[in-house]
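All remarks here apply to the structure that follows.
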Amino acid sequence: MSALSRRNFLALTGAAAAALSPRFTTTASAAMGPSDKFDLVIKGGDVLDPSQSLRGKRDIGIRWGMIEAIEPEIPAARASRTLDASGKLVTPGLIDLHSHVYPYGSSIGIPADELAQFQCTTTMVSAGDAGVNNLAALRRYIVAQSRTRIYAFVHIANHGLAGFPVAELYNIDHAQMEACAMALAENQDFLLGVKVRMSENVIAKHGLEPLKRAIRACEMCGWPAKMMVHIGGVESKELMSGILDLLRPGDVLTHAYSGAPNIGGVFTNIVQDGKLLPAALAAKQRGVMFDVGHGGGSFDFTVAEVAIPGGAGPDVISSDIHVYSANSPGMPYLPNVMSKFMALGFSLEQVVTMATSTPAKIINRAPKLGTLQIGAPADIAVMELVEGPASFVDTRNNKRDGKALLKPVQTVINGVPFGRPYQAPFAVR
């Protein structure tokens with residue numbers, strides 16, 4: 001093969017790969033002609049896209065996995081296939097900032113693609129499932145082979161999250177900051193930063209040392225990596241304030257509204273003795289991101305009901321979905337968690353923002369993810385907003401009533417409807 005023809009061949013194959021790859025495509029390769037058809041048109045939905053301050057009935061035209069048009073009406077003749085979203089809510093694909101999607105490599109992981117239809121999630125973040133020792137397997141066997149987009153926080157513990165029978169940081173020697181920093185440096189394309197769990201039943205009596213090592217790894221890696229810090233059942237009230245004081249602008253405090261007690265049964269979270277900790281308010285004010293991280297034991301209405309009016313409301317709504325939490329009474333599937341925050345007084349637009357455009361910014365993938373703008377990947381959630389009495393329970397069996405419930409109907413990833421419809425039949429013609 002001549003040098004010239006080889007260059008042409010590589011250019012052609014590179015262009016083809018870019019067109020087919022869900023992770024690297026940014027724009028459609030050619031403008032549409034008047035006789036060209038969209039691959040898929042989502043018709044008649046109530047479109048809500050906070051990233052564009054867009055709300056109203058729209059048709060969405062998709063071609064080559066990208067959003068090509070958003071118009072009041074796209075003629076049926078322009079569609080190769082049509083998905084009827086009449087009477088349904090259509091939003092950007094939901095982004096779950098805290099999930100556990102490392103099956104086989106973690107005792108609690110669920111395949112991300114199996115969750116998509118139940119959560120309307122098109123992007124998920126593995127929250128510390130893998131450490132340095134098993135990160136390569138997460139990347140090669142899970143991330144690379146999933147239709148759902150997956151990013152990750154690497155755990156400061158070399159072997160990742162290991163809750164049973166001994167937690168990952170009872171031995172502080174597992175927290176090797178140099179190795180963690182190297183993993184961050186080598187995997188900037190899919191890693192977001194470092195995860196550490198600071199509960200007493202995870203770190204024993206090591207105090208702030210695990211967090212300090214994790215922050216140091218972020219600082220050593222050569223790019224602005226973020227922290228995701230798990231709280232709930234911290235050893236002491238003083239340690240909780242110390243954790244908050246160390247967090248930097250842009251770092252993520254997850255399980256922000258946990259009501260879990262420490263080993264001694266003492267409540268040592270951001271609300272103590274019925275009052276919001278001053279350190280929590282100060283962290284919020286300097287730009288620490290407050291993440292719900294509901295899970296099976298990490299969301300308490302009574303904590304949220306003090307923290308939110310006190311100035312420490314959520315920035316992100318996430319599920320902390322895993323094999324145990326998914327079967328808990330709180331049902332932390334992301335649309336259901338969003339519904340709980342509507343019961344707490346947040347608007348539909350606010351909860352959609354906290355599950356789309358805000359997490360997209362935190363994972364440094366805005367403006368292409370968490371949006372329906374033209375040229376973005378066609379990651380789309382179709383849900384039903386059921387208005388009427390609804391009852392919700394947290395992870396401590398507190399109950400609250402609401403007036404609306406979001407139910408998943410269809411998930412579209414890169415322009416392709418994903419799996420079977422979750423609720424009632426939803427025609428794709």
Side-chain angles (χ1 to χ4, degrees), residues 94-119 121 123-143 145-146 148-171 174-175 190-204 210 214 228-233 252 254-256 258-260 263 291-299 316-334 336-337 394-396:
L94 303 185
I95 299 173
D96 196 344
L97 188 67
H98 186 146
S99 63
H100 294 282
V101 286
Y102 191 5
Y104 323 119
S106 163
S107 63
I108 64 172
I110 304 179
D113 289 350
E114 293 184 9
L115 287 166
Q117 60 188 323
F118 299 102
Q119 289 213 129
T121 41
T123 299
M124 303 191 76
V125 175
S126 169
D129 296 305
V132 173
N133 294 354
N134 54 351
L135 182 66
L138 171 65
R139 177 164 192 151
R140 177 165 183 166
Y141 298 112
I142 305 300
V143 175
Q145 299 183 41
S146 297
T148 306
R149 300 170 193 276
I150 300 176
Y151 301 99
F153 286 93
V154 64
H155 206 296
I156 187 59
N158 283 6
H159 54 299
L161 195 155
F164 313 103
V166 178
E168 64 268 15
L169 286 173
Y170 259 50
N171 182 347
H174 290 307
F190 96 103
L191 288 182
L192 309 171
V194 181
K195 169 78 178 290
V196 64
R197 298 199 296 164
M198 291 297 290
S199 300
E200 184 183 11
N201 61 2
V202 175
I203 65 170
M228 175 179 272
V229 180
H230 157 128
I231 60 167
V252 178
T254 194
H255 309 315
S258 172
I263 291 174
D291 172 40
V292 173
H294 187 295
S298 299
F299 175 66
V316 184
I317 297 175
S318 68
S319 70
D320 184 25
I321 197 80
H322 51 77
V323 294
Y324 299 108
S325 68
N327 292 296
S328 65
M331 295 184 63
Y333 295 89
L334 191 52
N336 196 50
V337 182
D394 65 13
T395 63
R396 297 189 60 77

Practice task
Mind listing the closest non-hydrogen atom pair of Ala152 and Leu138 along with its distance?
Solution key: CB-CD2, 4.1 Å
Practice task
Any chance you could lay out the side chain to side chain donor-acceptor pair (under 3.5 Å) test for Asp320 and His98, step after step, and finish with the verdict?
Solution key: CA-CA 5 Å; Asp320 184 25; His98 186 146; 3.1 Å; yes
Exercise for the section: Flag the pair Leu334 / Thr121 as yes when at least one side-chain heavy-atom distance between them is below 4.5 Å, and no otherwise. Expected result: yes
Problem - Shortest non-hydrogen contact between Ile150 and Ala112, atoms and distance - result: CD1-CB, 3.8 Å
Problem - Any Asp96 side-chain heavy atom under 4.5 Å of Val101 side chain - result: no
Exercise for the section: For the residue pair Ser99 and Leu115, establish whether any side-chain heavy-atom pair is separated by less than 4.5 Å. Expected result: no
Exercise for the section: Specify whether His322 and His100 have parallel, tilted or perpendicular ring planes, treating 30° as the upper limit for parallel and 60° as the lower limit for perpendicular. Expected result: perpendicular
Exercise for the section: Look only at the side chain of Ser199 and the backbone of Gly232, and say whether a donor-acceptor pair between them is shorter than 3.5 Å. Expected result: yes
Exercise for the section: Could you go through the side chain to side chain contact (heavy atoms under 4.5 Å, CB included) check for Leu97 and Val252 one step at a time? Expected result: CA-CA 10 Å; Leu97 188 67; Val252 178; 4.2 Å; yes
Handout entry: Heavy-atom pair with the smallest gap, counting every atom of Ala175 and Leu169
Key = CB-CD2, 3.9 Å
Fill in the blank from the handout: Of all heavy-atom pairs linking Val196 and Pro210, the shortest is CG2-CB, 3.9 Å
Exercise for the section: Kindly say whether Met331 contributes a backbone atom to a donor-acceptor pair with the side chain of Asn336 at under 3.5 angstrom? Expected result: yes
Handout entry: Minimum side-chain heavy-atom gap Leu135-Phe190 below 4.5 Å
Key = yes
Exercise for the section: Measure the CG-CD1 distance between Asn327 and Ile321 for me, rounded to the nearest 0.5 Å. Expected result: 8.5 Å
Exercise for the section: Give a yes or no on whether the backbone of Ala162 and the side-chain of Glu168 come within a donor-acceptor separation of less than 3.5 Å. Expected result: yes
Exercise for the section: State, yes or no, whether a side-chain contact exists between Leu161 and Arg197 at a heavy-atom distance under 4.5 Å. Expected result: yes
Handout entry: Which atom of Gly160 lies closest to which atom of Asn134, heavy atoms considered
Key = N-OD1, 4.4 Å
Completion exercise
In this structure, CD1 of Ile231 is separated from OG of Ser298 (nearest 0.5 Å) by 9.0 Å
Exercise for the section: Examine the side chains of Thr395 and His294 and answer whether a donor and an acceptor come within less than 3.5 Å of each other. Expected result: no
Practice task
Taking the side chain as every heavy atom from C-beta outward, state whether Val337 and Phe299 have any pair of such atoms under 4.5 Å apart.
Solution key: no
Handout entry: Donor-acceptor contact below 3.5 Å, side chain Lys195 vs main chain Phe153
Key = no
Practice task
State, yes or no, whether a side-chain contact exists between Met228 and Leu192 at a heavy-atom distance under 4.5 Å.
Solution key: no
Exercise for the section: Look at the aromatic rings of His230 and His255 and report parallel, tilted or perpendicular, splitting at 30° and 60°. Expected result: perpendicular
Handout entry: Sidechain-backbone polar pair: Ser258 side chain, Ala260 backbone, donor-acceptor under 3.5 Å
Key = yes
Fill in the blank from the handout: All heavy atoms of Ser325 vs all of Pro332, minimum pair found to be O-CD, 3.1 Å
Handout entry: Flag, side chain of Asp113 to backbone of Thr148, donor-acceptor distance under 3.5 Å
Key = yes
